[in-house]
Amino acid sequence: MSPNSQGSRRGTRKKLKKDERKKGLSSITESIRDFDVGQRVHIKIDSSVQKGMPHPRFHGKTGEVVEKRGRGYVVEVSDKSTKKKVTIRPEHLIPQESE
């Protein structure tokens with residue numbers, strides 16, 4: 001047996017930590033937020049919601065909504081030199097302000 005955990009959330013002690021005032025469940029408006037196809041969104045993982053959580057490597061990235069799939073959205077993100085499609089629930093997405 002390995003002494004170190006090899007789980008999908010390893011190394012995320014600081015990355016998935018919430019601010020002291022924002023601990024607990026997020027508001028209901030974040031889970032019913034609507035995004036349009038082609039809209040740019042930021043991926044910010046909400047650690048209080050485990051469903052539809054993307055891999056922590058995508059935390060802080062910006063992508064484009066490609067399609068709606070069930071309750072989640074398919075977001076195309078550039079990971080190094082490749083484009084990847086990630087299915088994410090709206091609790092983990094923030095709309096990018098248009099300038």
Item to check | Cluster link Val74 to Ile43, ILVMFWY, side chain under 4.5 Å | outcome: no
Checklist entry - Side chains of Lys51 and Arg89: closer than 4.5 Å at any heavy-atom pair? => result yes
Next on the checklist: As a quick check of understanding, evaluate side chain to side chain contact (heavy atoms under 4.5 Å, CB included) for Val75 and Val66, giving each step before the final call.
Outcome noted: CA-CA 6 Å; Val75 180; Val66 179; over 6 Å; no
Next on the checklist: Using the side-chain hydrogen bond (donor to acceptor under 3.5 Å, both in side chains) criterion, which residues pair with Asp36? Sequence neighbours excluded.
Outcome noted: none
Checklist entry - Does Lys17 reach the side chain of Arg13, with side-chain heavy atoms less than 4.5 Å apart? => result no
Checklist entry - Are side-chain heavy atoms of Ile45 and Pro54 found at a separation under 4.5 Å? => result yes
Checklist entry - So, the side chain of Lys61 versus the backbone of His42: is there a donor-acceptor pair under 3.5 Å, distance only? => result no
Checklist entry - Between the main-chain N or O of Leu16 and the side-chain N or O of Ser47, is there a donor-acceptor pair closer than 3.5 Å? => result yes
Item to check | Value rounded to 0.5 Å, distance of CD in Glu30 from OG in Ser48 | outcome: 8.5 Å
Next on the checklist: If the threshold is 4.0 Å, N to carboxylate O, is there a salt bridge linking Lys18 and Asp46?
Outcome noted: yes
Item to check | Partner of Val41 under side-chain contact (heavy atoms from CB on, under 4.5 Å), chosen from Val65, Val77, Ile94, Ile88 | outcome: Val65
Next on the checklist: In the structure I gave you, are the side-chain heavy atoms of His55 and Lys84 within less than 4.5 Å of one another anywhere?
Outcome noted: no
Item to check | Set of side-chain hydrogen bond (donor to acceptor under 3.5 Å, both in side chains) partners for Arg57, sequence neighbours left out | outcome: none
Next on the checklist: To the nearest 0.5 Å, what is the distance between NZ on Lys44 and OG1 on Thr62?
Outcome noted: 13.0 Å
Checklist entry - If you take all heavy atoms of Arg33 and Pro95, which pair is closest and at what distance? => result NH1-CD, 3.2 Å
Checklist entry - Are Val86 and Tyr73 side-chain neighbours, meaning at least one heavy-atom pair lies under 4.5 Å? => result no
Checklist entry - Between Arg69 and Glu67, which heavy-atom pair has the shortest distance, and what is it? => result NH2-OE2, 3.2 Å
Checklist entry - Atom CD in Glu97, atom CZ in Arg40: separation rounded to 0.5 Å? => result 13.0 Å
Checklist entry - What closest approach, in Å, do Gly72 and Pro90 show between heavy atoms, and which atom pair accounts for it? => result CA-CD, 4.5 Å
Checklist entry - Can you tell me how far NE2 of His92 sits from CD of Gln50, rounded to the nearest 0.5 angstrom? => result 8.0 Å
Next on the checklist: So, taking the atom named CZ in Phe58 and the one named CE in Met53, what distance separates them when rounded to the nearest 0.5 Å?
Outcome noted: 14.0 Å
